[in-house]
Amino acid sequence: MTLTILLVTLLKVLVLSFVVINVVPLMTWVERRGSAFIQGRIGPNRVGPLGLFQPIADGIKFIMKEDTYYPHVDKILFIIAPALALIPAILAFAAIPFGPQFTLWGYTTALQIADINIGVIYVLAIASLSIYGILLGGWASNNKYSFLGSVRSSAQMISYEVALGLSIVGLLMIYETTSLKDMVLAQSVPLWGVLPKWGIFTQPVAFLLFWICIFAETNRLPFDLPEGETELVAGYHTEYSGMKFALFFMSEYMAMFTGSALAATLFLGGWAFPPGIQEWILNFGLSRNLFAFICFINFMIKVAFFLWCFVWVRWTFPRFRYDQLMKLGWKFMIPVALLNILATGFVIYGA
Amino acid sequence: MEHILFYVISGLAIISALSVILNKNPVYSALSLVGFLFVQAILFVLLKAYFIAIVQVLVYTGAIMVLFVYVVMVMKLNEELLPRIRLRPFSLFLAGLFASYLFYIFSKTPTFSHPVLKTGDISEIGELLFSKYVLPFEVISLLLLVAMVGAVVLNRKSKHE
Amino acid sequence: MNEYFILASILFALGVTGVLMRRNLLVILMSVEIMLASSNLALIAASSHVGNLHGHIFVLFNIAVAAAEAAVGLALIVIIYKNKKTENVDQFTSLHG
């Protein structure tokens with residue numbers, strides 16, 4: 001029995017990490033085709049059908065490229081930094097619920113690597129560690145542009161982490177849990193008879209704040225000042241080439257995926273369907289495993305929507321100026337988040 | 001199993017603490033301290049203090065240490081000019097004295113035959129924090145405010161310069 | 001005697017060694033941080049030893065105090081470094097900047 005548990009858990013870890021890692025090449029394709037679509041171009045369409053094999057070609061290019069070291073870099077930290085950027089991005093997935101319970105070889109378990117009862121805080125804590133990769137990468141490069149990029153990014157990420165944490169507090173107050181699994185279950189009941197009790201309906205302000213903060217945390221446009229090409233060459237990864245650069249690149253896309261998955265879990269009901277539809281699907285008499293798979297697909301569709309939003313926003317908005325970014329973070333986001341908590345408290349107390 | 005894990009983790013903690021105090025370059029010291037605090041979070045997990053472990057990672061390694069690393073990196077230190085670390089025998093002697101005194105105190109603590117291992121559940125901690133310890137909690141928030149204002153005032157550019 | 005207490009005292013002694021041995025202001029502050037963290041470990045160990053959660057609360061407060069200490073301490077170090085261009089404590093011999 002313990003062996004089956006071990007095997008099933010290992011299988012879960014393997015399959016989910018496989019899914020997570022393969023989102024990265026897919027997203028690079030979506031990004032390039034999406035940007036082309038938005039700008040009225042065609043985009044990469046030569047390698048494979050619709051250019052779908054382009055990421056594979058890119059990957060081969062990254063692996064074959066020469067790994068350059070410059071004499072002025074701090075070699076140990078220069079090598080460690082990309083790994084430090086990638087590890088937290090992967091670790092954060094351990095707490096995200098991908099689907100409901102399923103049964104394999106007589107062992108029933110949820111489609112989630114670890115059901116931590118403080119899952120929300122866990123994901124935030126692990127995500128906060130991803131600063132180190134960027135900070136070290138910039139410092140070890142021993143280059144003005146790299147260092148400026150990493151200094152900017154660490155200040156930006158710390159500032160927006162505050163607003164990110166505060167925006168979630170309202171949700172914790174409404175659903176009265178910090179476990180992501182219970183959060184999903186609490187959201188799958190109706191609200192006012194018609195709407196599902198999703199976070200986006202109960203906490204619209206928090207959703208807006210959360211979503212803006214995720215952009216700042218992942219260093220994506222309009223907040224991609226750490227790598228603003230026009231000022232800093234390529235920011236913290238100026239000196240990196242080959243697979244090390246690819247690791248930074250992957251960590252950015254994985255952070256996007258983490259953010260999207262967290263947003264889908266906290267604000268769009270996670271893997272659960274809206275209340276009426278859930279019963280309608282169950283009426284077909286599906287087996288438990290098939291239902292779990294359908295819920296998994298449902299979750300991935302929600303995540304894909306958010307991922308598309310990342311691409312959409314990137315090719316629509318111009319970049320912020322650094323002081324504007326800081327002003328937005330400290331003088332707008334944090335006060336609004338605090339007011340939101342206060343208002344939520346009043347509503348809960350009144351109800 | 002848990003015993004082996006404890007010894008491995010505590011070995012890691014001691015090594016990283018040693019590397020904090022023995023590294024010539026403060027950047028490496030700061031990074032070792034990050035590692036030390038992370039390892040300590042794992043020790044908290046072994047003691048079933050899950051919430052504290054997460055808070056440690058979130059606040060200590062995720063925010064305070066970033067500040068440290070940041071300051072160390074901004075002070076561009078020339079590696080050749082860094083002084084050699086001198087092992088001062090008297091400091092070692094004093095530290096040994098401290099350690100033996102602590103050993104003595106801890107050996108005097110009464111042992112409870114069957115300690116009730118409580119998991120650091122967030123709801124229980126919250127209840128305790130907002131009932132018995134509500135005054136210290138408020139005072140701490142005031143302290144943080146004072147520290148924040150102090151740090152800003154100290155590093156503000158004065159108009160005379 | 002619990003092995004966690006032994007570990008905490010060893011770590012505390014290492015912190016003391018760092019404070020006494022190193023002349024770099026930043027490393028001294030880091031050693032103080034080690035001492036604080038080792039006391040946190042002892043508190044958590046004592047808490048599970050006795051079987052209540054009061055130690056956990058103390059550690060929460062300790063972490064908040066450490067945050068305040070790091071903020072003010074680092075601000076002071078930055079000012080000292082700006083004025084003296086060094087962070088070796090042996091060279092701070094005058095009281096007026």
Side-chain angles (χ1 to χ4, degrees), chain A residues 72 74 76-77 80-81 84 87-88 91-92 95 114 116-142 144 146-148 150-162 164-165 168 172-173 176-179 182 217 236 330, chain B residues 1 19 23-35 37-39 41-42 44-45 48-80 119-127 130 141 144 148 151-152:
Chain A
H72 55 79
D74 187 319
I76 302 172
L77 294 183
I80 293 176
L84 276 185
I87 290 169
L91 274 182
I116 308 169
N117 67 353
I118 36 179
V120 182
I121 314 172
Y122 168 84
V123 175
L124 288 186
I126 295 296
S128 73
L129 292 181
S130 57
I131 296 180
Y132 285 107
I134 293 173
L135 199 55
L136 289 185
W139 186 78
S141 300
N142 206 356
K144 270 177 207 150
S146 303
F147 187 59
L148 258 174
S150 66
V151 162
R152 275 182 178 187
S153 111
S154 57
Q156 168 184 335
M157 283 166 96
I158 285 198
S159 319
Y160 276 79
E161 227 162 64
V162 181
L164 184 70
I168 291 176
L172 301 184
M173 285 160 79
E176 295 175 350
T177 176
T178 44
S179 151
D182 295 345
E217 286 285 303
Y236 58 88
W330 287 100
Chain B
M1 180 64 199
S19 127
N23 249 316
K24 216 171 97 176
N25 192 337
V27 172
Y28 282 91
S29 287
L31 292 173
S32 313
L33 189 52
V34 174
L37 292 167
F38 194 78
V39 167
I42 303 173
F44 289 166
V45 170
K48 295 199 167 47
Y50 302 120
F51 179 61
I52 302 292
I54 297 285
V55 166
Q56 168 110 348
V57 172
L58 184 67
V59 179
Y60 240 132
T61 55
I64 300 177
M65 283 318 295
V66 173
L67 204 64
F68 258 95
V69 175
Y70 192 91
V71 168
V72 176
M73 284 178 176
V74 170
M75 291 183 183
K76 282 249 165 215
L77 294 170
N78 199 339
E79 189 138 359
E80 282 86 54
T119 57
D121 195 29
I122 185 166
S123 57
E124 286 175 56
I125 289 180
E127 252 166 50
F130 288 110
S141 65
L144 281 174
M148 194 168 77
V152 170

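What you see below is based on every heavy atom in this structure, not just the backbone, and it leaves out hydrogens, waters and symmetry mates. Keep in mind it's a predicted model, so treat the numbers as computed, not measured. We name chains A, B, ... by the order of the sequence lines, and we start the count at 1 in each one.
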Asker: Between B:V27 and chain A, which part of the residue has a heavy atom less than 4.5 Å away: side chain, backbone, both or neither?
Answerer: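 Only the side chain of B:V27 comes within 4.5 Å of chain A.
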Asker: Using the rule given for side chain to side chain contact (heavy atoms under 4.5 Å, CB included), can you reason through B:V74 versus A:F147, listing the C-alpha separation, both sets of side-chain angles and the distance that settles it, and then say yes or no?
Answerer: CA-CA 9 Å; B:V74 170; A:F147 187 59; 4.2 Å; yes
Asker: What part of A:L124 lies closer than 4.5 angstrom to a heavy atom of chain B: side chain, backbone, both or neither?
Answerer: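 A:L124 touches chain B through backbone and side-chain heavy atoms alike.
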Asker: Show, in sequence, the C-alpha distance, side-chain angles and deciding distance for A:D182 and A:E176, and conclude whether the side chain to side chain contact (heavy atoms under 4.5 Å, CB included) test is met.
Answerer: CA-CA 9 Å; A:D182 295 345; A:E176 295 175 350; over 6 Å; no
Asker: Distance from B:I122 atom CD1 to A:S179 atom OG, nearest 0.5 Å?
Answerer: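 Taking CD1 in B:I122 and OG in A:S179, the distance rounds to 11.0 Å.
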Asker: Flag the one option from A:I126, A:V151, A:T178 with the top tally of heavy-atom pairs under 4.5 Å to chain B.
Answerer: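 So the answer, after comparing A:I126, A:V151, A:T178, is A:V151.
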Asker: Without swapping roles, check the side chain of B:Y70 against the backbone of A:L135 for a donor-acceptor pair under 3.5 Å.
Answerer: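 Not confirmed, B:Y70 side chain does not pair with A:L135 backbone.
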Asker: So for A:I158, is it side chain, backbone, both, or neither that comes closer than 4.5 Å to the heavy atoms of chain B?
Answerer: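 Answer is side chain: those atoms of A:I158 sit under 4.5 Å from chain B.
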Asker: Considering only heavy atoms, which portion of A:I116 lies under 4.5 Å from any heavy atom of chain B: side chain, backbone, both, or neither?
Answerer: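 Neither part; nothing is under 4.5 Å.
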Asker: Relative to chain B, which of A:I131, A:N117, A:L77 shows the most heavy atom pairs under 4.5 Å?
Answerer: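 Option with the greatest count: A:L77.
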Asker: Is it the case that the side chains of A:S150 and A:W139 hold a donor-acceptor pair, with the cut-off being a distance below 3.5 Å and no angle test?
Answerer: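 No.
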Asker: So, applying side-chain contact (heavy atoms from CB on, under 4.5 Å) with B:T61, which one of B:L33, B:V66, B:L37 is it?
Answerer: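 Of all the options given, the one that passes is B:L37.
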Asker: Where on B:V34 is there a heavy atom nearer than 4.5 Å to chain A: the side chain, the backbone, both, or neither?
Answerer: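 Side chain of B:V34 only, per the 4.5 Å heavy-atom cut-off to chain A.
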